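Just below is one structure, and these are the notes that go with it.
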Amino acid sequence: MSTVLERPVPSETTSPWWRSAVIYQVYPRSFADSDGDGVGDLPGITSRLPYLAELGVDAVWLSPIYRSPMADAGYDVADYRVVDPLFGSSQDADLLIAEAHRLGLRVVLDLVPNHTSDEHAWFRAALAAPVGSEERSRYLFRDGRGESGELPPNSWRSVFGGPAWTRVTEPDGTPGQWYLHLFDDKQPDLDWTHPEVRAEFEDILRFWLDRGVDGFRVDVAHGLVKADGLPDWDHEQELLDGSSHGGERPPMWDQDGVHDIYRSWRRVLDEYDGDRMLVAEAWVEPAERLARYVRPDEMHQAFNFAFLSAGWRAADLRASISDSLQASATVGAPATWVLSNHDVVRHTTRLALPPDAPRPNGIGAQDPQPDEQLGLRRGRAASLVMLALPGSAYLYQGEELGLPEHTTLPDETRQDPSWFRHDGTVAGRDGCRVPLPWHADRPGFGFGPTGASWLPQPSSFARYAADVQSGDPGSTLELYRRALRLRAELGLGTGELVSWDDADDADDAALGFRLCGSTGAELVVTTNFGAQPLVLPTGAQVLLSSAPLDDAGRLPADATAWLAG
Ligand code: GLC
Ligand code: MG
């Protein structure tokens, strides 16, 4: 089977950096600790920027660094213009941005507009002010139902479990109104119909753009506007779940009103030079609905969670890739690709699970333990598929080391609010947030100077430490380095997928596609999903492979090869 796709005419001769960028997500708590308190920080990140430049990425995205009580690891912001002292100072942020730029790396910050922390000055003022006050109108306060308002205003559920409403005690000590929080009760949702909310966030954008940041990842971008009247919606909610429940759009997600907000943000970014960008975290289905976030006058990119969620099967990946390319092409936006982030089980571990198993919210010691070697093989194979594709790719720190999820974290060390809000029945996201191993034989694997680490690291991290992988040609780190170098040399990010060349067999054992890089170079990508080794075309020149070929020159199971076209 070989389907030749129509080739789009490139609209621009030089393309802005973000159209093909590889963007590396740094989770600041867990990347590198400079002061030995066991929590990663900005000077730690800055000290490791040369490693990222050498890896070959184009940009770093930092999960939130702002002042926060850390009820949701910084996704609960108390002051959007100040760096949390745990991470350093504003000067440390300036130094980080300057050093990144010196090394040719862009810096993308995480903006959290759906909710603030309950310790934000606005929310404190709202609690102190009377019902119906201006202060309350920046959030979603409502009277309760029931005889004395003792029942929540509607049936919405929090994404982290439990009800999405919390009742407050009024300043006079009586039980009072309720406020909406789609996440933790320490993350009250803002009311985006309020003009001050809109003005404040445009100002925050300018504050950081003036400091030189190159863009923003927009947290929960599909949640800011709620349906009028907040109608009931009884379904359980889950992170990254964009399901529309039989075509009915949930009243808290993907409402048409969000787009006007992003049009106004785009105008702000366009006032600045240097191709500043916005990327949406929006769990929206289907791909055509997601494409609306990246229309020419809105955001530049949106994460592709359909690709992340695709099962380890040729047909699933093929469908996800081709749907994504088509949907983004209709609006002229680049496709994006992502396999791991700080909210999901790392793909090296996830891909060892049965392809039809629902995506788990964490894995605990009591759960069946995934096969680490199988996961690593598949994870490396999946990464080579992703890194060949046109558009932009997002990496999550540690995936370049092939790091597995920590699947046996002691319960008493867990910190994810979704673990607490599910009464410990759901492991949650801590397992993918464990501090990185830099040096195999230092305390805390060199995460910081003292060996302290806010979450315990598994002993297996010694095998994955960056220093033991660097220079070892069989390591995952070197695989990523070579893949990123080839991706840049062949112009794959700004290239095109020209045809599907899958082996025509009933078992759908192989995925195969041909790419044309913007340099004119051709590349064939082949993944073997079958149990048997795959015979490669005679004379094929293997540029890169996620696993060594066997003695007969065949591609083993669960491996991807890049062949010169
Ligand atoms: C996003 C973040 C996640 C956070 C949530 C609430 O989904 O990626 O980590 O908990 O928003 O801000
Ligand atoms: Mg520290």
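As the structure is a computational prediction, the values presented were derived from the model and not from experiment. Each ligand, and each atom within it, is numbered from 1 in the order the structure gives. Index from 1, following the sequence.
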Measuring to the Mg ion (ligand 2), does V39 have an N/O/S atom at a distance below 2.8 Å?
-> yes
Ligand 1-proximal atoms of Q25, by part, heavy-atom distance under 4.0 Å = neither
Are any of the side-chain nitrogens in D256 or R289 under 4.0 Å away from the carboxylate oxygens of its partner?
-> yes
Between E281 and W283, is any side-chain donor less than 3.5 angstrom from a side-chain acceptor?
-> yes
Near W283, which atoms of ligand 1 are under 4.0 Å from a heavy atom of that residue?
-> 7 (O)
Indicate yes or no: does an N/O atom of H115 lie under 3.5 Å from an N/O atom of ligand 1?
-> yes
Taking just the N, O or S atoms of D37, which one is nearest to the Mg ion (ligand 2)?
-> OD1
Looking at D33, the N, O or S atom sitting nearest the Mg ion (ligand 2) is OD1
Describe, in one word, how the ring planes of H115 and F183 are oriented to each other, choosing from parallel (under 30°), tilted (30 to 60°) and perpendicular (over 60°).
-> tilted
Note: ligand 1 atoms sitting under 4.0 Å from heavy atoms of L239 are 7 (O)
For atom 7 (O) of ligand 1, the protein heavy atom that lies nearest, with its residue and separation = E281 OE2, 2.7 Å
Whether W165 and W156 hold their rings parallel, tilted or perpendicular, with breakpoints at 30° and 60° = tilted
Does a donor on one side chain and an acceptor on the other come within less than 3.5 Å for D416 and S418?
-> yes
Would you indicate whether E119, at its atom CD, is surrounded by more than 12 heavy atoms from other residues, nucleotides or ligands within a distance under 6.0 Å?
-> yes
When you measure from the Mg ion (ligand 2) to each N, O or S atom of D41, which atom gives the shortest distance?
-> OD2
Region of D76 engaging ligand 1 - heavy atom pairs below 4.0 Å | neither
Contact with ligand 1 for H181, non-hydrogen, under 4.0 angstrom = no
The atom name of the N, O or S atom in D35 nearest to the Mg ion (ligand 2) is OD1
List every atom of ligand 1 that sits less than 4.0 Å from any heavy atom of R429, numbering the atoms from 1 in the order shown and giving each element.
-> 3 (C), 4 (C), 9 (O), 10 (O)
Can you measure from CD (Q187) to CG (L180) and round to the nearest 0.5 angstrom?
-> 11.5 Å
What part of F160, side chain from CB on, backbone N/CA/C/O, both or neither, has a heavy atom under 4.0 Å from ligand 1?
-> side chain
D343/R433 salt bridge by N-O under 4.0 Å criterion = yes
Enumerate the atoms of ligand 1 whose separation from the nearest heavy atom of R433 is less than 4.0 angstrom.
-> 9 (O)
